[in-house]
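All heavy atoms count here, side chains included; hydrogens, waters and symmetry mates do not.
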Amino acid sequence: MAARRTAAAGSGGDTESSPLDAFVPLDELMPWSVRPIRTGRAWVSGPDPVALRTRWERLAGAEAAEQERLFASTRSRTPHTSAAALPGQSTGTARFARDPGPCPDPVRILHGPYDEQWLLPDHRLIDAARPELWRVADGQQLFAVEHSSAPEDAGPALSVTALLPDGHSPAGRPGRIRPLHRRPGGTEPNLAPGLLDLLRGRLGGGTGPDAFVPEAVLAWILAAARPSATGPLVPLPADGTVWSQGVALGRELLRLQTRGARGGERPRLPGGRRPYVRAALPARPTELSYDTEDEALIVGDGRISPVPAEAWGFTVGGVRVLELWFGRRAAAAGGRGPDGAATDGLDAVGARGWPREWTSELLELITVLALLDGTAGAREELRGALERGPLIGPAELRAAGVLPVPASARRPASVLGHQEEGPEGQFALL
């Protein structure tokens, strides 16, 4: 049947042959996106910052032939490649083989959804570091990261983080990264020009003063986006009450996913439901399982409970988050590669066994996943409201001039407010 569409006017909306036809691609609402970071070598990142420093020191102190072997060269990077400093980082820009300089302080990153790890922030070691992301990564920035999920997957379509994300995906193609702001300091939102004004005009009656700020739009997207084979799709309601409902839910999701960053409250389960270590975790656990009857996570000979079944079963892209998180650390503790395979070179420089910090991170991750699953009822209620409509669809956005977005909105803004050191100490220009 041919699609039926009526341009929305007043309180109307788009009517399509399929509900998804009235959804708007995230690529149109947040037009500037950046491809995932590509390190080119696994040893520059990992869950233990001490291991990263040890790897650096071993590489920097190696003789020429051994350094060549340890570096794991690619076409983009070798020990003889000079590169500009990453924005905001003070590292060497001369060829590593000639002057490695001091080890940079590892920085916290989000390695795929819900896995906070560390990265050596030296451009000479990273094939594609995406400097445009580093330029806008500050205390005001939030990053939306797409998940490669099929429409039938129950997992979320995207996640949001205050950390610099690498865009890694546990399954399928890596997801694109969309900063909320195009410039440092929380300025110039990465939203389709005119979108905020249109939403305010259509939905503003009876809503609060912060209902149409950039973070509110990101909150709505996080709460309402649906996965698709071509990227997340976002329904926009034509009802201010539904908008307020979704923004409130999205702000809670933001708080949970950013784990209290930006001055928010850190996620905590009620007293009787908080997970605790009941039996100490071993120094190098290799197996993870779940005791359904006792709601206990079995980590080697260690035991954590209570762990809600919903946290254990939480998946993204069809991959169980807790199993993936544990597998990476078990491999690091045993001096194996991120995939658990035996390796040599710098990847074999493992972690300090199972450091106490990992146990704390595991308890927090369990909490976050349980609380995220606890929003399922609110998400289902929002989904029902959106299915009943009406929606602001692509036709209305085109009629209002919001779509198509100008080509300039898809390119990074020029944000160079200071000199950046380029290769071999030259100054970089934008």
Quick check: closest heavy atoms across [X] and [Y], and the distance to 0.1 Å?
| X | Y | answer |
| --- | --- | --- |
| A311 | L322 | O-CD1, 3.5 Å |
| I392 | P237 | CD1-O, 3.3 Å |
| G167 | V145 | CA-CG1, 4.0 Å |
| P106 | L120 | CG-CD2, 4.2 Å |
| L346 | L70 | CD1-O, 3.7 Å |
| G175 | P36 | O-CG, 3.2 Å |

Using a 3.5 Å distance criterion without hydrogens, assess whether the side chain of [X] forms a donor-acceptor pair with backbone atoms of [Y].
| X | Y | result |
| --- | --- | --- |
| R183 | E188 | no |
| D166 | G112 | yes |
| N190 | W32 | yes |
| R352 | D48 | no |
| R182 | A409 | yes |
| R108 | E116 | yes |
| R266 | R259 | yes |
| R53 | P49 | no |
| D138 | P184 | no |
| R178 | A144 | no |

- Pick one: which of R262, R255, R251 meets salt bridge (Lys or Arg N to Asp or Glu O under 4.0 Å) with E215?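 The residue from R262, R255, R251 that satisfies salt bridge (Lys or Arg N to Asp or Glu O under 4.0 Å) with E215 turns out to be R251.
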- Single hit among E381, E387, E380 for salt bridge (Lys or Arg N to Asp or Glu O under 4.0 Å) with R383: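 Per the salt bridge (Lys or Arg N to Asp or Glu O under 4.0 Å) rule, the option paired with R383 is E387, out of E381, E387, E380.
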Is the shortest side-chain heavy-atom distance between [X] and [Y] below 4.5 Å?
| X | Y | result |
| --- | --- | --- |
| V299 | T359 | no |
| L249 | L382 | yes |
| R328 | P47 | no |
| L218 | V160 | yes |
| P31 | R410 | yes |
| L158 | L222 | yes |
| L362 | I366 | yes |
| R273 | E295 | yes |

If you measure from [atom1] on [X] to [atom2] on [Y], what distance do you get to the nearest 0.5 Å?
| X | Y | atom1 | atom2 | answer |
| --- | --- | --- | --- | --- |
| Q117 | E361 | CD | CD | 9.0 Å |
| L372 | T367 | CG | OG1 | 10.5 Å |
| S360 | L365 | OG | CG | 12.5 Å |
| T230 | L26 | OG1 | CG | 10.5 Å |
| L297 | L363 | CG | CG | 9.5 Å |
| Q141 | L164 | CD | CG | 10.0 Å |

- Task: List the steps, then state whether side-chain contact (heavy atoms from CB on, under 4.5 Å) holds for W325 with R329.
- Result: CA-CA 7 Å; W325 185 95; R329 281 152 185 81; 3.2 Å; yes
- Flag if over 12 foreign heavy atoms under 6.0 Å of CZ, R274: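 It does: R274 CZ has more than 12 such atoms within range.
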- Task: Evaluate side-chain contact (heavy atoms from CB on, under 4.5 Å) for L203 paired with F212, printing each intermediate quantity in order.
- Result: CA-CA 9 Å; L203 309 174; F212 303 102; 3.8 Å; yes
- Report the residues that fulfil side-chain contact (heavy atoms from CB on, under 4.5 Å) with R77, sequence neighbours left out, ordered by chain and then residue number.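 Here the qualifying residues are R41, F71, T74, T81, A83, H123, D127.
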Side-chain polar contacts of residues 191-199 - donor-acceptor pairs under 3.5 angstrom, sequence neighbours left out - could you list them?
residue: D197; atom: OD1; partner: R200; partner atom: NH1; Å: 3.0

- Parallel, tilted or perpendicular: which describes the rings of Y290 and W312, with under 30° parallel and over 60° perpendicular?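 The rings of Y290 and W312 lie parallel, inter-plane angle below 30°.
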- Just say parallel, tilted or perpendicular for the rings of W243 and W220, cut-offs at 30° and 60°.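 The rings of W243 and W220 lie parallel, inter-plane angle below 30°.
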- Query: So V136 and H181, side-chain contact (heavy atoms from CB on, under 4.5 Å) or not? Walk me through it.
  - Reply: CA-CA 7 Å; V136 299; H181 303 289; over 6 Å; no
- Query: Centres of the W358 and F326 rings: under 6.0 Å?
  - Reply: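 Aromatic pair excluded; centres sit 6.0 Å or further apart.
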- Task: Step by step, work out the side-chain contact (heavy atoms from CB on, under 4.5 Å) result for Y114 and Q257.
- Result: CA-CA 8 Å; Y114 312 115; Q257 294 193 12; 3.7 Å; yes
